[in-house]
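Here's the structure, in structure tokens; my notes come after.
Counting starts at 1 for both ligands and their atoms, in listed order. All residue numbers in this chain count up from 1 along the given sequence. Given the structure is predicted, the values throughout are model-derived calculations rather than measurements.
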Amino acid sequence: MNQQFAMPAAAVPVAQPTPCLGCGAPMVVEETTALHSNPKLRCGYCRREEDLPQDAAERHRHLRLRLMQVQRARESLEAPLKTYQMLKSSFVMGAIFAGLYGAWQLSTLISNIDATERLKAAGMQTEYAQSVIFAALGPAIAFGMLFGWVGMSRVFKGAVAPLLRARPPHNPGLAARCRSCGADLPAVKAPQVTCRFCSAINLLDDSLTRDASSLLEGEIAHYNAQARGANPDGKAYHAPTRAFYVWGGASAALILVGLSAVLFMIT
Ligand SMILES: [Zn+2]
Ligand SMILES: [Zn+2]
């Protein structure tokens, strides 16, 4: 490993103190949304307002553009997670629907057991098989969705959540940092916080303080890999959705076969 980059350096200090010339209080740079507008310096006490010096305004625009590029790149890398979010948010309704549908199909088969009995007559084998498999299909889909969701959640926790975790503070007592742009994150008691500079969602957990040193080493390894042109995280964002289909499809197929076999035996 290149020792020159072995320690994560603190960000370049960009903000010098800006005391107000009217009252001495620290002035703040007001937020601007438009990329090409110049932000103003504002005092929260005496309401004094002034333009940022031209060169500082230019630098501010330059840095905002850079943040925007970082944000775009991150959003396109993480785009597959949108499917995960969609599956997650529609899962409960879908599973309830599939469960009710499956229960209805099964109960129809069982309550019409006489009709099913008649289908067992010679020449009706196909119809009989169809009615049994059709009855097993609903429960298979319902449980397939359930197992798919379990698989998806496990893969998200194992492979994706660590990538969305905030960067640990460089030293105990300092702020955790944004995983994407490196800005200091506000200290909040919440499972996640959104970066106000680049809109990245950062997950917060105990490991940020508990495992800070190994996370800092992981950060160095990550940047070294990126510097070599490797993108080790790219595939991880697809993994939860893939797990949903693989776990869901496999378990639905198994349940369909198993349940059909049981129904053939008891009808
Ligand atoms: Zn002032
Ligand atoms: Zn950020």
Strictly under 6.0 Å, is that where the ring centroids of Trp149 and Phe91 end up?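 That pair passes the under 6.0 Å test.
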Distance flag, aromatic centroids of Tyr128 and Phe264, threshold under 6.0 Å: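 Ring-ring flag for Phe264/Tyr128: true, centres closer than 6.0 Å.
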Using only atom types and a distance under 3.5 Å, with no angle test, would you say the side chain of Asp211 pairs donor to acceptor with the backbone of Thr209?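 Between the backbone of Thr209 and the side chain of Asp211 there is no qualifying donor-acceptor contact (under 3.5 Å).
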Kindly confirm or rule out a cation-pi arrangement of Arg167 over Tyr223, judged by NZ or CZ under 6.0 Å from the six-membered ring centre and within 45° of its axis?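 Yes.
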Compute the angle centred on the Zn ion (ligand 2) spanning SG of Cys198 and SG of Cys181, and express it rounded to 10 degrees.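 Approximately 110° at the metal, rounded to tens of degrees.
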Side-chain donor-acceptor pair present, Gln54, Glu58, cut-off under 3.5 Å: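 There is no such pair (donor and acceptor under 3.5 Å, judged by atom type) between the side chains of Gln54 and Glu58.
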What protein N/O/S atoms lie closer than 2.8 Å to the Zn ion (ligand 1)?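 The answer, once waters are left aside, is Cys20 SG, Cys23 SG, Cys43 SG, Cys46 SG.
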Can you tell me how the ring of Phe134 sits relative to the ring of Tyr101, calling it parallel under 30°, perpendicular over 60° and tilted otherwise?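 Because their plane-to-plane angle is over 60°, the rings of Phe134 and Tyr101 count as perpendicular.
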